[in-house]
Structures are given as C-alpha cells and as structure tokens.
Amino acid sequence: MNSASEALRVRFAPSPTGALHIGGARTALYNWLAARHSEGTLVLRIEDTDLERSTEENVEQIIEALDWLELDWDEGPVSQAGRAANHADALQRLLESGAAYRDPAKAEDVKAWKAEHGADRGYRGAPGSEGAIRLKVPDEGDTVVHDMIRGEVRFPNSSYDDFVIARGDGSVLYNFAVSVDDAEMGITEVIRGDDHLSNTPKQLLVLEALGHQPPRYAHVPLLHGPDGKKLSKRHGAASVQELRDAGYLPAAVRNYVALLGWGPGDDETLLSTEELVKRFDPSDVGRSSAVFDEQKLRWMNGRYMREMPLEEYARAVAAHNERELDPLLHSACEIAQEKAQTLNEVWPLIRFVFEPPIEDEKAWRKIMKGDAGKALEASREALEAVEEFDAGSVETAVGPIPEMLGLKPGKVYQPIRVAITGTTVSPGIFESIAVLGREKTLLRITDALERLAASVPEPD
RNA sequence: GGCCCCAUUGUGUAUCGGUUAGCACGCCAGGUUUUCAACCUGGAAGGGCGGGUUCGACUCCCGCUGGGGCUACCA
C-alpha cells in the first residue's frame, strides 16, 4: 500500500527497436492507469542504450502510437543513452567499492568455464585490468522479488553469472542502466512485462550494491497469439499502427487491451477510460498469459462506433479516409453509423454517394432478373413525383410498391439498391436514396433499366 | 542444459474448500427484417493428468505433462 505521503511514480520504458506492439501498449496503458488512478506521475523513458537498434524513426513511431492511444505522460521522453554520465558515475562507485570488477574473459572463456563447472554455479570471473565489467554475485543465498502480482519469487544466486553490467568500452548494459535510472528517477512502482521477472534479481543486486531502495514490482503476463505463441507480426494486427489502420478506435482499444489480464471484478466489459482509471489496480492483474482476440476487439469497437456522438463519428470517418467533412459526408455517416464495426467498414457502405456505382457482376446477375425491371420502373415513377427528397417522403413514395406489384419487399428494394450502389449491401434503402439525392437516384435507375433492356430480352 | 513463471468452455475472465461452475466475445438454432449489420430468445462448449490433505476440492500440497520467459560485452 502506498502511504499518502509517498507519491506514486511509474514509468513506461520501451526500447525503440520497432513498432509499439499490443503487449507494449498494454504495459503503457497499465502504467498510465496506475498513475492517473492515484494522481501520480508517469515518466516516459526510452531505453536506447543499444545504439545498433535504436533509431530516431523507431522513437517517433512509439510516441506516435502513444499519442494515438491518447496516453500522455508527465515527464520525458528521457533518453536512457542521454544519462550515460549518471551511469558512468554509478559504475565507478561499484568499481571502487569492489562490488564490480573488470574481467578480461571473452565469450569463449565464459563458455569454457561453464563447460568445466557444469550447471551448479553461474560464471565467476577473475578481476583484471581490462575487459567487460561484471557485478559480483554471491554464491550463496537467494535474491527474492516481492511482486504485486506473483507474490514472493526466490531466485538462487548461484544460478546467476557474475553478469556483465558494462562493455569493455565502459558503455553500460540494460540491466544496469535500468536499475540506476529507476532509482535515480525516484520510480516507486515498476509495472512491466513478465519477460523481465528473471532480470529483476539482477537489478535488485545492482540496487543493493549501489545502496538504493528497490521499487515495488508488478510483472504482468505476456500476450500470446491465437496459436499460443508469443504475439508477433504473423498474428495480424499486432502493432498499434496496424490497429489504427484497421479502423479501430483508441477508446475501444484501451478498453479491450485493459481487459487482457485484468478485470474489474464484476461482469462489466464495457468500461470507459474514466471507469478504468477509477477501478484499475495493478495487483488485480491476473497471473496467466492472455491471447489477443481480434474478434472481440471488433465487437467492442462496433459498440463504441454505434454509441459515439454523430459529430465525433463523422469526424473520425472523415479523418480516417482523409476527406473533408462536408455536409454530404456528414449525412452519409449518419445513415451508416449503425452498420460498421470498424472505421474501415464505413467507406464501402457510403462510397456510392460520392462515386458511381461499383461494378459487381455477381450482384447484378443475382438481383437483376425476374420482376426487377418492373420494380425499377414503378420505383422511378414514384420517385419522380417526390418533392421533398428526404427519407420519410421516399419511404412514403416507394413503400407501397411491393404490395402494388404483389412482390416481396426484397424483390423491389434489392434491385434499387443494386441500381444505385452497384452492390447488395448498403445502409437502409430509403435513407440511401434520400442521401444520394433525386437526380442521381433517378439517373442510376434509368441506367440500370437501359442495361436491363439491352442485355436481357424480357422472357414474357 | 540451468533458473523462473503459468494452467477454468475456442478466446478473455468470475468463483478463492461446499455453486445447477457465472459473465462477455465467438459458434449453432430460432425470431425480427428492404440488404448487411444491429437487436431479441434459446443452445452446445470448461476445471490438462496423477497422487495426496480434507467429511468435502477448480480452489491447498506434491509430481507429471503442456505452454511461456530468462540464461549476450541485446533490450
């Protein structure tokens, strides 16, 4: 428990080695929720000590992803590489105190040592004047991690090598840099992926050698793909930008991702971000790994799409399709809002308003037969007489036609749908006609009638 | 190989020693319907295996199996 006097400080510390994955997004979200929940501070730190893989572009990508998710931070981004002087200081202290030493051994030497000593004990080097810098690890005893999610986890010290904390050139390695940074930045709670659990004893050892108080830890389980393997590109939309491109809403993604491994305790599944902030507690996160299920995200996204205010919805659709939000697009959005689960699904439903009907031979052949011509003629006639071209009057005009002709409604409306959109799927037919407008509707029905007359000789 | 984590329907979870094992997505069937969605009703589907402990285990302990992580002069 946090005492009231101890302000919570958490950090999200991605390594910029590629796009931000869903797992990373969840870690970011959990840290953000924890910070906002207790009015603490979220620090963004970029773990870029691996110069090979850390590029400006990757950092950009991660920040973009966080922006899109609407997760903000209070401090940073802090470049870990930029804290090299602090790391060097700390390193110097350990060297001076004898807690760390330079080891001339190369990888082959370590391998040889291990071959000789078997698995009973981690590698122990011999101090020299140059080489990588290793931390002395005790031979006896355990290092225990007190984890908010896992409980008490013990690691025998003998299973660890005297691990390398800095390269021969003095540049520090991840586990060392993290320990120093977390301590010096006053991080009180480290919420991160389970893959770091086995690293934690090393960090604890560094912290102890440096005389720092360790933070509290919460290791959240990793995410897996539907095949049970670690989540990766093969599993479809695995990165935040892919989710965005697939037409998901940030709020829906936040809701869905929060529920991967965490639940509010009751049966609620639709939780606003505000609600998430109110109810989230890292110690309630589950222990087992979860599988990212895009189908459920789709469903949830659909719920958010339908419940969005129309204004917001139209803006999102416009932005997603890189179009101006004009009144026409606004009207089109209005009639399609109930129909789409993702932003990507909206345009196919409303494009007929902006572009000529698409060519869909299958749809044409399936619908434009039998009494289709008759239905279209009657519809054209009825629509020509409509003055106020809104959905209501269109329905009044066209609605009675099925009964008039003794046809099922589908036999009348599907031909109209194909005539004006080219396909068998669209928003409600009366609304679609109204939004398309009188002139275009009539023109398209006429075109369809002509095509029908030209290609299919009337049977009877 | 060594160290560590995990294990409830297909998926996410609830249950925390006594329940007809609940909910959500998905799936199946039916309803509604101008298409597609949405929506409504119903249904199938679960405690990996083996030992304990206990009057009683999904729940506690041990083993096994399976999955995962770490084991770099990567992060």
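Labels below follow one simple rule: chain letters A, B, ... track the order of the sequence lines, proteins then strands, and each chain is numbered from 1.
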Check your understanding: Side chain of S289(A), base of G68(B): donor and acceptor closer than 3.5 Å?
Key -> no
Exercise for review: Decide yes or no on side chain to side chain contact (heavy atoms under 4.5 Å, CB included) for Y304(A) and Y248(A), but give the supporting numbers first.
Suggested key: CA-CA 10 Å; Y304(A) 275 83; Y248(A) 293 107; over 6 Å; no
Check your understanding: Quantified in whole Å, what is the P atom distance between nucleotide U34(B) and nucleotide C25(B)?
Key -> 26 Å
Review point. So what does P427(A) hit on the nucleic acid, given a heavy-atom distance under 4.0 Å: a base, only sugar-phosphate, or nothing?
Key: base
Exercise for review: For the side chain of P409(A), starting at C-beta, report the closest nucleotide among C70(B), C5(B), U34(B).
Suggested key: U34(B)
Practice item. May I ask you to verify if any side-chain N or O of R167(A) is less than 4.0 angstrom from the OP1 or OP2 atom of C74(B)? Key: yes
Check your understanding: Checking all strands, does T17(A) fall into the base, sugar-phosphate, or nothing category for heavy-atom contacts under 4.0 angstrom?
Key -> nothing
Check your understanding: Across the strands shown, which category fits D195(A) at heavy-atom distances under 4.0 angstrom: base, sugar-phosphate, nothing?
Key -> sugar-phosphate
Check your understanding: How far does the C1' atom of G10(B) sit from the matching atom of G46(B), given to the nearest Å?
Key -> 11 Å
Review point. Looking across every strand, which nucleic acid part, if any, lies under 4.0 Å from A115(A) by heavy atom: base, sugar-phosphate, or nothing?
Key: nothing
Check your understanding: More 5' along RNA chain B: D267(A) or Q341(A), using each one's nearest nucleotide?
Key -> D267(A)
Review point. C74(B) P sits how many Å from Q80(A) CD, rounded?
Key: 14 Å
Exercise for review: Let me know the distance between OH of Y304(A) and P of C25(B), rounded to the nearest Å.
Suggested key: 14 Å
Point to revise | Contact under 4.0 Å: T49(A) side-chain N or O vs A75(B) OP1/OP2 | key: yes
Exercise for review: Under 4.0 Å between any heavy atoms, over every strand shown, what does S198(A) touch: base, sugar-phosphate, or nothing? Just pick one.
Suggested key: base
Review point. Taking atom types as modelled and ignoring hydrogens, do the side chains of T421(A) and R417(A) form a donor-acceptor contact shorter than 3.5 angstrom?
Key: no
**Study point:** Working for ring pair (Phe, Tyr, Trp, His ring centres under 6.0 Å), residues W262(A) and Y30(A)
**Key:** CA-CA 10 Å; W262(A) 174 84; Y30(A) 282 179; 7.3 Å; no
Check your understanding: Just to confirm, is there a sub-4.0 Å distance from OP1 or OP2 of A72(B) to any side-chain nitrogen or oxygen of K114(A)?
Key -> yes
Check your understanding: Which part of the nucleic acid, if any, lies within reach of H219(A) when heavy atoms closer than 4.0 Å are counted: base, sugar-phosphate only, or nothing?
Key -> nothing
For nucleotides 40-49 of chain B, print each protein N/O atom paired with a nucleotide N/O atom at under 3.5 Å, atom names and distance only.
none

Point to revise | Side-chain donor-acceptor pair present, N301(A), T342(A), cut-off under 3.5 Å | key: no
Point to revise | Integer angstrom distance from the C1' of U11(B) to that of G26(B) | key: 8 Å
Practice item. Looking at every strand, decide which applies to R298(A) at a 4.0 Å heavy-atom threshold: base, sugar-phosphate, or nothing. Key: nothing
Exercise for review: Give F430(A) one of three labels, base, sugar-phosphate or nothing, depending on what nucleic acid heavy atoms sit under 4.0 Å from its own.
Suggested key: base
Check your understanding: Q337(A) has an atom CD; how far is it from atom P of C36(B), in whole Å?
Key -> 21 Å
Name each donor-acceptor pair under 3.5 Å that joins a side chain in residues 198-207 of chain A to protein atoms two or more places apart or in another chain, with its distance.
| residue | atom | partner | partner atom | Å |
| --- | --- | --- | --- | --- |
| T200(A) | OG1 | R192(A) | NH1 | 3.2 |
| T200(A) | OG1 | H196(A) | O | 2.8 |
| T200(A) | OG1 | L197(A) | O | 3.2 |
| T200(A) | OG1 | H219(A) | NE2 | 3.1 |
| Q203(A) | OE1 | R192(A) | NH2 | 2.7 |

Point to revise | Upstream residue (5' side of RNA chain B) when R150(A) and W262(A) are each assigned their closest nucleotide | key: R150(A)
Review point. Which part of the nucleic acid, if any, lies within contact of G428(A), taking any heavy atom under 4.0 Å across all strands shown: a base, the sugar-phosphate backbone alone, or nothing?
Key: base
Exercise for review: Determine the Euclidean distance between corresponding C1' atoms of A21(B) and G68(B); express it in Å to zero decimal places.
Suggested key: 27 Å
Exercise for review: Quote, to the nearest angstrom, the C1' distance that separates G42(B) from A7(B).
Suggested key: 32 Å
Revision key, fill the gap. Paired with R124(A), the side chain to side chain donor-acceptor pair (under 3.5 Å) test is passed by just one of D139(A), D161(A), D103(A), namely D139(A)
Practice item. Kindly say if R134(A) contacts the phosphate of C73(B), meaning a side-chain N or O under 4.0 Å from OP1 or OP2. Key: yes
Practice item. Evaluate the criterion ring pair (Phe, Tyr, Trp, His ring centres under 6.0 Å) for residue pair W347(A) and F354(A); output intermediate values, then yes/no. Key: CA-CA 10 Å; W347(A) 185 249; F354(A) 307 91; 5.2 Å; yes
Point to revise | Secondary-structure stems for RNA chain B, with pairs counted as Watson-Crick or G-U when both distances are under 3.5 Å and runs at least 3 long | key: B:1-7 with B:65-71, B:10-13 with B:22-25, B:27-31 with B:39-43, B:48-52 with B:60-64
Check your understanding: With a non-hydrogen cut-off below 4.0 angstrom, is G263(A) in contact with a base, only sugar-phosphate, or nothing?
Key -> nothing
Practice item. Describe the nucleic acid contact of L297(A) in one word from base, sugar-phosphate, nothing, applying a heavy-atom distance below 4.0 Å. Key: nothing
Practice item. Look at all strands and tell whether K366(A) reaches a base, only sugar-phosphate, or nothing, counting heavy atoms closer than 4.0 Å. Key: nothing
Exercise for review: Report yes or no: is the cationic atom of R451(A) (NZ for Lys, CZ for Arg) under 6.0 Å from the centre of the six-membered ring of W364(A), at an angle within 45° of the ring normal?
Suggested key: yes
Exercise for review: Supply the atom-to-atom distance F389(A) CZ to L436(A) CG, rounded to the nearest 0.5 angstrom.
Suggested key: 8.5 Å
Review point. Which value, in whole Å, describes the distance between the C1' atoms of nucleotides A44(B) and C28(B)?
Key: 7 Å
Practice item. Using only heavy-atom distances, decide whether a donor-acceptor pair under 3.5 angstrom links the side-chain of K339(A) to the base of U35(B). Key: yes
**Study point:** Stepwise side chain to side chain contact (heavy atoms under 4.5 Å, CB included) check, Y413(A) with F430(A)
**Key:** CA-CA 9 Å; Y413(A) 301 136; F430(A) 309 126; 3.7 Å; yes
Practice item. Classify the nucleic acid contact of K106(A) as base, sugar-phosphate or nothing, counting any heavy atom under 4.0 Å across all strands shown. Key: base
Review point. Are side-chain N/O atoms of S283(A) and D281(A) paired as donor and acceptor at under 3.5 Å?
Key: yes
Check your understanding: Taking the C1' atom of each, how far is A29(B) from U20(B), in whole Å?
Key -> 23 Å
Exercise for review: Check the side chains of Y123(A) and D109(A) for a donor-acceptor pair under 3.5 angstrom, ignoring hydrogens and angles.
Suggested key: no
Review point. Which part of the nucleic acid does I429(A) contact within heavy-atom distance under 4.0 Å: base, sugar-phosphate only, or nothing?
Key: base
Review point. How close or far is atom C1' of G10(B) from atom CZ of F292(A), stated in whole angstroms?
Key: 16 Å
